[in-house]
Amino acid sequence: MSIRLAEANRAIQAAMAKAHNLAVNISVTVCDADGRPVAFQRMDGTLAEAHRGSYGKALVSATSGRPSGDESIEFSEDFKDFRTATVVGEAVPIIRRPGGLPIIRAGQLEGALGVAGATDEQDVECALAGIGAFTSSG
């Protein structure tokens with residue numbers, strides 16, 4: 001199963017609702033397992049470069065299948081062996097900070113959701129809210 005636009009948008013809305021409750025502004029990116037973006041939004045007032053952070057965190061999670069802040073993640077220098085290598089080659093940043101979470105359903109990695117723009121802890125809270133929309137939408 002692949003990530004559908006409607007469910008990616010639901011996840012983004014859930015993450016942004018959490019950000020609103022925390023009184024912070026964020027950018028949210030949902031990408032597929034190959035690291036290609038499915039949906040993205042940046043809240044008004046969010047730092048201009050936060051979009052790169054949210055995409056970079058999502059890319060790390062899509063590549064590794066683990067949270068982007070997981071310090072045990074190891075990547076080869078050239079990335080040529082990863083399914084996300086094309087996206088990395090297009091200069092999408094690799095952001096190994098908290099806020100990116102894998103989207104795993106039925107035991108399969110389908111993509112990832114990344115959040116940036118607030119503190120690491122707040123980014124993770126918002127990302128968890130977004131991931132929750134995937135698990136509830138099935």
Side-chain angles (χ1 to χ4, degrees):
M1 181 176 185
S2 62
I3 299 169
R4 294 183 312 271
L5 178 60
E7 62 189 353
N9 284 332
R10 273 194 305 275
I12 288 173
Q13 290 302 315
M16 292 187 342
K18 182 64 172 181
H20 180 75
N21 290 341
L22 296 172
V24 296
N25 298 317
I26 59 169
S27 289
V28 187
T29 301
V30 174
C31 68
D32 64 18
D34 294 328
R36 296 283 179 203
V38 176
F40 161 80
Q41 286 196 27
R42 184 178 121 202
M43 295 173 72
D44 293 340
T46 304
L47 297 171
E49 289 300 312
H51 72 285
R52 292 181 57 77
S54 68
Y55 193 5
K57 291 176 184 185
L59 181 60
V60 167
S61 287
T63 302
S64 68
R66 297 195 301 244
S68 59
D70 184 338
E71 294 179 7
S72 69
I73 297 171
E74 294 183 20
F75 294 126
S76 67
E77 289 298 312
D78 57 10
F79 278 82
K80 67 181 176 163
D81 296 326
F82 295 106
R83 70 186 169 282
T84 56
T86 301
V87 175
V88 172
E90 294 169 350
V92 175
I94 301 301
I95 309 291
R96 295 178 58 177
R97 294 187 55 94
L101 296 173
I103 300 164
I104 299 172
R105 294 190 285 198
Q108 296 294 312
L109 177 66
E110 292 188 10
L113 181 146
V115 174
T119 67
D120 288 346
E121 294 78 16
Q122 291 166 328
D123 286 350
V124 170
E125 284 187 63
C126 295
L128 286 167
I131 290 295
F134 280 104
T135 58
S136 66
S137 69

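- When all heavy atoms are compared, the tightest approach of Met16 to Val28 is CG-CG2, 4.2 Å.
- Looking only at distances, a side-chain donor or acceptor of Ser61 sits under 3.5 Å from a matching main-chain atom of Gly100.
- Side chain of Asp34 to backbone of Arg36: no donor-acceptor contact under 3.5 angstrom is found.
- Cluster membership check: Ile26 shares its hydrophobic cluster with Ile131, using side-chain heavy-atom separations under 4.5 Å among Ile, Leu, Val, Met, Phe, Trp and Tyr.
- Taking Ser68 as the reference, nothing meets the side-chain hydrogen bond (donor to acceptor under 3.5 Å, both in side chains) condition, with sequence neighbours excluded.
- Proximity of Cys126 to Leu22: side-chain heavy atoms (C-beta onward) are separated by under 4.5 Å at one or more points.
- Going from atom CD of Gln13 over to atom CD of Gln41 covers 5.0 Å, rounded to the nearest 0.5 Å.
- Here the shortest heavy-atom pairing between Ala58 and Ala112 reads O-CB, 3.1 Å.
- Take Glu49 and apply the salt bridge (Lys or Arg N to Asp or Glu O under 4.0 Å) test, not counting sequence neighbours, and it matches Arg52.
- The hydrophobic clustering, which links ILVMFWY residues whose side-chain heavy atoms are closer than 4.5 Å, places Leu47 and Phe40 apart.
- In this view, Asn21 satisfies the side-chain hydrogen bond (donor to acceptor under 3.5 Å, both in side chains) rule with no residue, not counting sequence neighbours.
- Although no hydrogens or angles enter the test, the distance criterion places a donor-acceptor pair under 3.5 Å between the side chain of Thr63 and the main chain of Leu59.
- Heavy-atom contacts from other residues, nucleotides or ligands closer than 6.0 Å to CZ of Arg97 number 12 or fewer.
- Counting heavy atoms from C-beta outward, His51 and Thr29 have side chains that stay 4.5 Å or more apart.
- Shown here for Gly65 and Ile104, the closest heavy-atom pair between the two residues is O-CD1, 4.1 Å.
- For the pair Asp123 and Pro98, the minimum side-chain heavy-atom distance is 4.5 Å or more.
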Full working for side-chain hydrogen bond (donor to acceptor under 3.5 Å, both in side chains) between Ser54 and Ser27: CA-CA 6 Å; Ser54 68; Ser27 289; 4.9 Å; no
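- When atom types are taken as modelled, the side chain of Tyr55 and the backbone of Gly35 share a donor-acceptor pair closer than 3.5 angstrom.
- Minimum interatomic distance between Arg105 and Ser2 (heavy atoms only, all atoms of both residues): NH2-O, 4.0 Å.
- In this structure the side chain of Val60 reaches within 4.5 angstrom of the side chain of Arg96, judged on heavy atoms.
- No continuous path of ILVMFWY side-chain contacts below 4.5 Å connects Leu113 to Ile95, so the two sit in separate hydrophobic clusters.
- Judged by distance alone, with hydrogens and angles left aside, the side-chain atoms of Glu7 form a donor-acceptor pair with the main-chain N or O of Arg4 at under 3.5 Å.
- Two residues are said to be in side-chain contact when any heavy atoms from C-beta on lie closer than 4.5 Å; Val30 and Ile103 meet this criterion.
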